[in-house]
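A quick write-up on the structure given underneath.
Here is how names work: the chains are called A, B, and so on, in the same order as the sequence lines, proteins then strands, and each is numbered from 1.
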Number of protein chains: 2
Amino acid sequence: MKKYLEILRRSPLFRGIAPEELEQLIPCLGGGARRYGAGAAILLAGTPVGQMGLVLSGRVQVVREEFSGHRALLAELEPGELFAETFACAPALPGGLPVTVLATQDCEVLLLDLQRVVRSCPNGCPFHSRLVSNLLGVLAGKNLALNRRMVHLSRRSTREKLLSYLSEQAAMAGGMEFTIPFGRQELADYLCVERSAMSAVLSRLRAEGVLETHRNHFKLLRLPEEAL
Amino acid sequence: MKKYLEILRRSPLFRGIAPEELEQLIPCLGGGARRYGAGAAILLAGTPVGQMGLVLSGRVQVVREEFSGHRALLAELEPGELFAETFACAPALPGGLPVTVLATQDCEVLLLDLQRVVRSCPNGCPFHSRLVSNLLGVLAGKNLALNRRMVHLSRRSTREKLLSYLSEQAAMAGGMEFTIPFGRQELADYLCVERSAMSAVLSRLRAEGVLETHRNHFKLLRLPEEAL
DNA sequence: CAAAGTCAGTTGGAATTCCAACAAGTAGGA
DNA sequence: TCCTACTTGTTGGAATTCCAACTGACTTTG
């Protein structure tokens with residue numbers, strides 16, 4: 001476990017807890033590192049929910065088994081990232097875990113029991129409250145990200161979705177010129193629109209003198225009313 | 001405060017905590033009820049975030065002040081409901097609270113400091129862990145609801161959005177026949193599509209023998225492939 | 001440098017959605 | 001019952017999106 005202290009210290013769950021405190025905290029959470037071979041199921045859909053996981057090494061996929069038998073990839077996680085925390089925290093999921101977590105390579109994960117995280121431990125160790133605070137922060141952060149995306153998705157047209165996203169980015173950057181973290185296909189996926197249609201809309205916006213683009217770098221010249 | 005014990009007991013935050021324990025817990029959270037007149041601002045956008053609120057009486061609106069000065073109504077809350085909990089739990093929101101919370105009638109609100117909720121109190125009162133658990137549950141539940149909706153919204157066409165929603169409802173009801181909690185306009189709003197276009201799509205699905213409808217009652221006869 | 005790959009933009013016809021207006025059905029109150 | 005209000009379904013033309021295929025610019029790699 002020692003060799004993973006650095007990863008833990010930077011993980012969203014253990015952030016802000018000093019290494020020496022971590023060594024004290026981990027056993028107190030009953031968390032042992034487990035090793036999984038490539039292709040193994042770490043958590044299986046339909047099984048009771050109670051623990052969440054943290055990737056220590058290797059790579060992990062979260063997938064949803066569709067009606068049709070088709071597998072939808074929901075997330076691909078790197079060391080330090082959390083999984084299943086939402087399900088572990090949700091009150092009573094009927095039908096058990098709605099996703100499967102797979103090891104795509106040989107990997108090690110730390111499985112944590114929610115109850116142990118929430119209850120302040122008998123030793124009264126003071127880092128629990130930081131832990132809880134971090135966990136709340138993770139859930140709230142996801143919530144905000146989902147909400148932000150929802151605001152864009154709820155716009156009806158590609159044009160409105162784009163303008164909504166771009167004006168948000170401008171606001172976050174604090175200016176009319178900014179670089180976005182997506183390529184065109186990724187942006188189209190994020191906004192749930194057709195890439196080619198989006199490209200056409202971007203061209204139109206350029207022609208209208210609304211913006212200029214260079215790859216991922218955007219400059220908004222003026223905001224049309226649709227941006228709200 | 002006594003007269004609100006029943007509301008507290010049923011609120012998502014204090015659920016599962018007995019009344020006598022509540023009386024012990026509330027002061028320990030430093031939560032005093034505050035009274036606001038109709039139209040007063042309970043929490044103001046841009047101010048630092050640190051507390052969340054619980055409606056005790058009256059009615060409260062959460063609104064977002066848009067760029068344009070336009071006000072978007074995000075939620076309308078009744079006694080027992082929580083507000084601003086996501087913002088209070090999110091780590092460091094630059095720019096302060098992104099929404100304003102208004103009293104639309106005379107009302108009473110319990111404002112709670114997140115730090116007090118998270119830190120197990122000096123008296124070591126054991127209900128904190130239940131409280132934390134509840135709060136995690138609230139955030140996780142919102143997360144799941146947002147995710148569910150996102151799955152539908154991310155479908156490209158009205159038809160796909162509808163089928164996605166209806167097959168989810170069927171799955172939740174455990175059968176091909178179920179009643180949805182929305183009227184047509186509300187459903188269209190939830191799925192972010194045009195009501196009339198949606199009506200047309202429903203007609204087409206009926207004509208294709210995919211489903212039957214009677215007001216809010218639906219019967220799925222067979223699932224086309226687009227439903228995934 | 002050439003070949004292959006990737007990314008953004010363009011195009012055109014089919015399909016869908018948007019929008020406004022209207023029609024038909026239902027519920028509640030006078 | 002009549003009136004009114006509300007909900008749902010329908011329609012038609014304009015606008016937009018979808019989809020597949022292609023072009024051209026730039027990158028990577030052998």
How many Å lie between [atom1] on [X] and [atom2] on [N], as a whole number?
X      : N      : atom1 : atom2 : result
B:Q185 : D:dA5  : CD    : P     : 19 Å
B:M198 : D:dT10 : CE    : P     : 13 Å
B:L205 : D:dG9  : CG    : C1'   : 14 Å
A:D189 : D:dC18 : CG    : C1'   : 15 Å
A:R155 : D:dT17 : CZ    : C1'   : 18 Å
B:E194 : D:dT16 : CD    : P     : 14 Å
B:I180 : D:dT7  : CD1   : C1'   : 13 Å
B:N216 : C:dT26 : CG    : P     : 14 Å

Q. To the nearest 0.5 Å, what is the distance between SG (A:C107) and CZ (A:R34)?
A.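 Result: 12.5 Å between the selected atoms.
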
- On DNA chain C, nearest-nucleotide positions of A:A197 versus B:R156: which is more 5'?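 Here A:A197 is the residue nearer the 5' end.
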
- Hey, which sits more toward the 5' end of DNA chain C by its nearest nucleotide, A:R206 or B:R204?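 It is A:R206 whose nearest nucleotide is closer to the 5' end.
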
ask   = Is the CZ atom of A:R156 crowded by more than 12 outside heavy atoms at less than 6.0 Å?
value =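 More than 12 within 6.0 Å, yes.
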
- Message: Take a 6.0 Å sphere around CZ of B:R35 and say whether it holds more than 12 heavy atoms from other residues, nucleotides or ligands.
- Response: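 At most 12 heavy atoms, drawn from other residues, nucleotides or ligands, come within 6.0 Å of this atom.
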
Classify the nucleic acid contact of [X] as base, sugar-phosphate or nothing, counting any heavy atom under 4.0 Å across all strands shown.
X      : value
A:T213 : sugar-phosphate
B:S199 : base
A:R195 : base

Side chain of A:S157: nearest nucleotide among D:dT16, D:dT8, D:dC19?
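Nearest listed nucleotide: D:dT16.
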
request  = Name the closest nucleotide to the B:S196 side chain, picking from C:dG9, D:dG9, D:dT11.
outcome  =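 Nucleotide nearest to B:S196's side chain: D:dT11.
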
Would you call the rings of B:H152 and B:Y165 parallel, tilted or perpendicular, where under 30° means parallel and over 60° means perpendicular?
->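 Perpendicular: the ring planes of B:H152 and B:Y165 meet at over 60°.
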
Presence of salt bridge, B:E78 and B:R59, under 4.0 angstrom: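 B:E78 and B:R59: salt-bridged.
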
message = For B:E186 and A:T158, find the nucleotide of DNA chain D closest to each by heavy atoms; which residue's nucleotide sits nearer the 5' end?
response =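 By nearest-heavy-atom nucleotide position, the 5'-most residue is B:E186.
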
Report yes if a side-chain nitrogen or oxygen of A:R215 is closer than 4.0 Å to either non-bridging phosphate oxygen (OP1 or OP2) of D:dA25; otherwise report no.
->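 So the side-chain polar atoms of A:R215 never come under 4.0 Å of the phosphate oxygens OP1 or OP2 of D:dA25.
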
